[in-house]
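Heads up, the thing below is written out as structure tokens.
No experiment lies behind these values; they were computed from the predicted model shown. To find a chain, count down the sequence lines: A is the first, B the second, and so on, and within it residues start at 1.
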2 protein chains.
Amino acid sequence: MTTPTANHPQEPIRVVIVDDHPVVRSGMHTLLAASPCIEVVGESSNGDEVLTMVENTSPDVVLTDLRLGPGGDGVDVTKAVRGAHPDVAVLIITTFDHDADIVRAVEAGAAGYLLKDALPDEIVAAIRAAAQGETVLSAEQSQRVIDTLRVGGRPPSERELDVLRLVADGRSNDEIAKALFISRATVKTHLGHLFDKLDVDSRTGAVATARRLGLID
Amino acid sequence: MTTPTANHPQEPIRVVIVDDHPVVRSGMHTLLAASPCIEVVGESSNGDEVLTMVENTSPDVVLTDLRLGPGGDGVDVTKAVRGAHPDVAVLIITTFDHDADIVRAVEAGAAGYLLKDALPDEIVAAIRAAAQGETVLSAEQSQRVIDTLRVGGRPPSERELDVLRLVADGRSNDEIAKALFISRATVKTHLGHLFDKLDVDSRTGAVATARRLGLID
DNA sequence: CCGAGCATCAACCTTTCGGCCGATAGGCCC
DNA sequence: GGGCCTATCGGCCGAAAGGTTGATGCTCGG
């Protein structure tokens, strides 16, 4: 439903592409170039130069990978762009639909996100929707966001995640205690709280659930 | 062994691209088209039609994603192509360098593999090397293959992996026993053998190591 | 100021896990 | 046939993990 009440072929949607993979950048560029209603006005391989590029090219939509190399991810790009230019829509591209950062990106003002294996038509449709200020989230994707937000009601604390990451690495409580300079008792307390928040009852279960929600890895 | 004693710019390397992501396919095509020494003679979104395409287009190199959609992965493509046309080199593209299937692909006759975030020059260089019958494995990549082969000396049995997958899912030994219709004791035996093979001493450690080696997930 | 949440620790108890000792049975290879 | 590996099972035991209760000090917001 692109509500084509006012088509402006003479005013294509201006798009900036941000992705650290040359292959993806090139492919996205080629695919979008095939759409007359879209004009790619910039490409960036990292998040640092995006703001400058936005100011130089005045895009309608910034299409950014969620995972970039060093120097910021898609969430940072979203915050920076939306903070300085609230009229520019940000669309997230990601390889996985199980990534907790997607929630952070949406909270930071992203219009939605796309999977990298999306069909060209879907990508174009999403860009058009985003350019019109609409939000783009598929049913399955929305469900995941809701799932994560459910846990978001009781998000594990940073310290608890420290413990969880070491658990996921296969360390014992004793090793974790030494690594974090705390006592075994504290490790157990953190783990107990994690079990409550993640609704599990074992360390392996906590790792599995946290990984599913994208809290670790 | 195409004995490249003579360079033939008038005979570009014929390449077939196999990837289930339209974006990647398009990007790879565009990048390779920029190289005069390479000609893309075919594109496929899945592994099923590759053999027909190879027979129709007679490529020198098949560039295939490791993970394709339903209907076979890069390993299957490698086996099929190398089995029917041993003179056609197969190059694997993958997103992650920690994927046990890479080893299987190399064993199946792949000339090597590339990461999706490789630079265009690296990709072209790898294709040229593969077309000349060379093997393409970076130092880091080779190390991983060796690491995995080290475990390959004592590969976990299929049944042990069944147990391991459930452990990674957070199940207890009791739950695993019920799920696999075996007794707790057997689950413990399998796990003990896994600990030996993976050189760990806990279930979480086994999951961490197996994940690192690409044995699960 | 006081409650809520967090991080830290301790003692106690139950359950699970992991290590070690066995055993039986089937398949495969030399 | 005799190893070798795998899959299956049992019991025993110490160690680790998990559950419960309770405590202290900190920060933050109403």
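- For Thr189(A) and dC9(C), a side-chain-to-base donor-acceptor distance below 3.5 Å is present, hydrogens and geometry of angles not being considered.
- Place Ser172(B) and Phe181(A) on DNA chain C by their nearest nucleotides, and Phe181(A) ends up nearer the 5' end.
- We find that NZ of Lys188(A) is positioned 13 Å from P of dC13(C), with the value rounded to whole Å.
- Straight-line distance from the CG atom of Leu191(A) to the C1' atom of dT16(C): 15 Å, rounded to whole Å.
- Atom CG in Leu180(B) sits about 15 Å away from atom C1' in dC9(D), given to the nearest Å.
- Residues forming a side-chain contact (heavy atoms from CB on, under 4.5 Å) with Val200(A) (at least two apart in sequence, or on another chain): Phe195(A), Leu198(A), Ala206(A), Thr209(A).
- Side-chain N/O atoms of His190(A) include one lying less than 4.0 angstrom from OP1 or OP2 on dT8(C).
- Counting to the nearest Å, the P atom of dT6(D) and the CG atom of Leu161(B) are 11 Å from each other.
- Residue Asn173(B) has a polar side-chain atom (N or O) positioned under 4.0 Å from OP1 or OP2 of dC17(C).
- Note on Arg159(B): a side-chain N or O is less than 4.0 Å away from OP1 or OP2 of dT8(D).
- For Phe195(A), the side-chain atoms get nearest to dG18(D) when compared with the rest of dC9(D), dT6(D), dG18(D).
- Between the side chains of Thr189(A) and Thr186(A), no donor-acceptor pair of N or O atoms lies under 3.5 Å.
- None of Val75(A), Leu114(A), Thr78(A), Ile93(A) except one satisfies the side chain to side chain contact (heavy atoms under 4.5 Å, CB included) rule with Leu66(A); the exception is Val75(A).
- Taking a cutoff of 4.0 Å between a charged side-chain nitrogen and a carboxylate oxygen, Asp174(A) and Arg184(A) qualify as a salt bridge.
- With rounding to whole Å, Arg203(B) atom CZ is found 15 Å from dA15(D) atom C1'.
- When the P atom of dT16(C) is taken as reference, atom CZ of Arg184(B) falls 8 Å away, rounded to whole Å.
- For dC5(D), the base has no donor-acceptor partner in the side chain of Ser157(B) [N/O atoms by modelled type, under 3.5 angstrom].
- Atom CG of Asp201(A) is separated from atom P of dC17(C) by 10 Å (rounded to the nearest Å).
- Atom NE2 in His193(B) sits about 15 Å away from atom P in dC4(D), given to the nearest Å.
- Side-chain contact between Glu134(B) and Arg128(B) is absent, with no heavy atoms from C-beta onward closer than 4.5 Å.
- A close approach under 4.0 Å does not occur between any side-chain nitrogen or oxygen of Thr186(A) and OP1 or OP2 of dT8(C).
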